[in-house]
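Everything numeric here is computed off the predicted structure, so don't read it as measured data.
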Amino acid sequence: MGLLLGGFAMMVILGPEAETIMNSEAETLGVAGRQKLRLAQSISHLLSFSVSSFVIAWLAYAKGWFHALGLRAKVDQKGALYAVLLVLLSLPVVALVQYLNLQIELPEWASQQELSTNKLVESILTYEQPGELLLLFITIAVVPAIGEELLLRGVIQGRVLPLFMKNVHLQVWLTAFLFGLMHLEFGGILPRAMLGAVFGYAYLWSRSIWVPIVLHFLFNGLQAAVVIYSGEFVADTEISEAPNWSFSLIALLAAAAVFYWGQSHYNRQQSLGLA
């Protein structure tokens, strides 16, 4: 229902020019066209993810909906520290997995979907005036970080999957692959799933949805800042050079060590009835 409302809202905001705006090059849209696209994308995402999460939690938990989403939980600071370290050390590994994912030949329909998504992201990230930057960051960093984490980690990983399975790792990785699939960028499913798993463990270890929200926001915001600073948008699907394998291997080993410590901390907290 949320996805339908989000799609409907986007079409209403873009109006009769919806198809033209969605298929236009970033430069031809102009400031007004890009701002309209960002506003439509933000409201569509809010309805599809954030509002859907609130409604689901309210229907299931009534007055306890805020706590059910992990918004009121006290942060496990040590767990949050492990989560931050895991994110930082995982980035070179995610880059390597991104490169490997791109070596998989995609069918024509998936390639066309990639091109369409890349064009949308480029239009949102392209700017000519400083006044565009606020809505740009809201669209790219703020709205996705809040909505996607609330629905995926707060609702699905935190509340729905535990009803069917007890294994927390399975809960994290199933949600992570859903995170990868929902972006409809088939050249980046595996790295997004890995990143989603990192956010999932951040939620698990910290016991608060705010930690993955902040990490997600920083990740998206950093990507947007790089594009703004460089003045050039390069889609993930256009990566042609392999990352440094030695550096990626060192990062992987370090991330594995942090994962072991973070999961051990979570297990100790759970045995004490604190997790």
Should we count CH2 of W210 as having more than 12 external heavy atoms under 6.0 Å? no

Residue pair R207, Q269: steps toward the side chain to side chain contact (heavy atoms under 4.5 Å, CB included) verdict: CA-CA 11 Å; R207 305 203 309 274; Q269 295 295 95; 3.9 Å; yes

F199 vs L215, side chain to side chain contact (heavy atoms under 4.5 Å, CB included): CA-CA, chis, key distance, verdict: CA-CA 7 Å; F199 292 151; L215 291 174; 3.9 Å; yes

Considering only heavy atoms from C-beta outward, does the side chain of R34 approach that of T126 to under 4.5 Å? yes

Residue pair R38 / Q35, side-chain donor-acceptor N/O under 3.5 Å: yes

Check for a donor-acceptor pair, side chain of S42 on one end and backbone N or O of L135 on the other, with a separation under 3.5 Å. no

Under the side-chain hydrogen bond (donor to acceptor under 3.5 Å, both in side chains) test, residues paired with N167 that sit two or more places apart: none

Determine, using the 4.5 Å side-chain heavy-atom cutoff (strictly less than), whether V55 and I146 are members of one ILVMFWY cluster. yes

If two hydrophobic side chains count as joined below 4.5 Å and joins carry through other members, does V160 share a cluster with Y203? yes

I'd like to know if Y61 and V51 are part of one continuous hydrophobic network [Ile/Leu/Val/Met/Phe/Trp/Tyr, side-chain heavy atoms within less than 4.5 Å]. no

For S50, which residues count as a side-chain hydrogen bond (donor to acceptor under 3.5 Å, both in side chains) partner, sequence neighbours excluded? none

Listed by chain and number, what are the side-chain hydrogen bond (donor to acceptor under 3.5 Å, both in side chains) partners of Q171, not counting sequence neighbours? none

Indicate yes or no: at least one non-hydrogen side-chain atom of E148 is less than 4.5 angstrom from one of H45. yes

Distance from L120 atom CG to L37 atom CG, nearest 0.5 Å? 5.5 Å

Pair F247-L96, side chain to side chain contact (heavy atoms under 4.5 Å, CB included): steps then yes or no: CA-CA 10 Å; F247 182 66; L96 177 59; over 6 Å; no

First locate atom OG of S48, then atom CD of Q41, and finally report the distance between them rounded to the nearest 0.5 Å. 8.5 Å

Between CZ of F219 and CG of L88, what distance do you get to the nearest 0.5 Å? 11.5 Å

State, yes or no, whether a side-chain contact exists between L47 and S52 at a heavy-atom distance under 4.5 Å. no

Listed once per pair and sorted, the salt bridge (charged side-chain N to carboxylate O under 4.0 Å, His left out) pairs that draw on residues 153-174, sequence neighbours left out: E149-R153

Does F66 share a hydrophobic cluster with V214, counting links as ILVMFWY side-chain heavy atoms below 4.5 Å and allowing steps through other members? yes

Closest non-hydrogen contact found for V211 with A83 is CG1-CB, 4.5 Å

Close aromatic pair by centroid cut-off 6.0 Å: W205 and Y201: yes

Of all heavy-atom pairs between Y127 and Q129, which one has the smallest distance, and what is that distance? CD1-O, 3.4 Å

Give me the atom names and distance for the closest heavy-atom approach of L71 to W65. CD1-CZ3, 4.4 Å

For H67, check ring-ring contact (aromatic ring centres under 6.0 Å, His included) against everything at least two apart and list the hits. none

To the closest 0.5 Å, what do you measure between CG (N101) and CE (M194)? 10.5 Å

Closest non-hydrogen contact found for L136 with L125 is CD1-O, 3.4 Å

Calculate, to the nearest 0.5 Å, the distance between atoms CD1 and NE2 belonging to I209 and H216 respectively. 11.0 Å

Under the 3.5 angstrom rule, does the side chain of S206 hit a backbone N or O of A80 as a donor-acceptor pair? no

Hey, does the side chain of N267 reach the backbone of Q263 with a donor-acceptor pair shorter than 3.5 angstrom? yes

Smallest heavy-atom separation, L181 atom then I189 atom, equals CD2-CD1, 3.6 Å

May I ask whether I250 and L86 are part of the same hydrophobic cluster, defined by side-chain heavy atoms of I, L, V, M, F, W, Y residues being less than 4.5 angstrom apart, directly or through others? no

Qualifying side-chain hydrogen bond (donor to acceptor under 3.5 Å, both in side chains) pairs with a residue from residues 245-262, counting only residues at least two apart or across chains: none

Nearest heavy-atom pair of F137 and A225: which atoms, and what distance? CZ-N, 4.2 Å

Pairwise distance CG(L170) to CG(L161) - rounded to 0.5 angstrom: 7.5 Å

Apply the test side chain to side chain contact (heavy atoms under 4.5 Å, CB included) to residues D76 and H265: give CA-CA distance (whole Å), side-chain angles for both, the deciding distance (0.1 Å), then the verdict. CA-CA 10 Å; D76 182 321; H265 170 73; 2.9 Å; yes

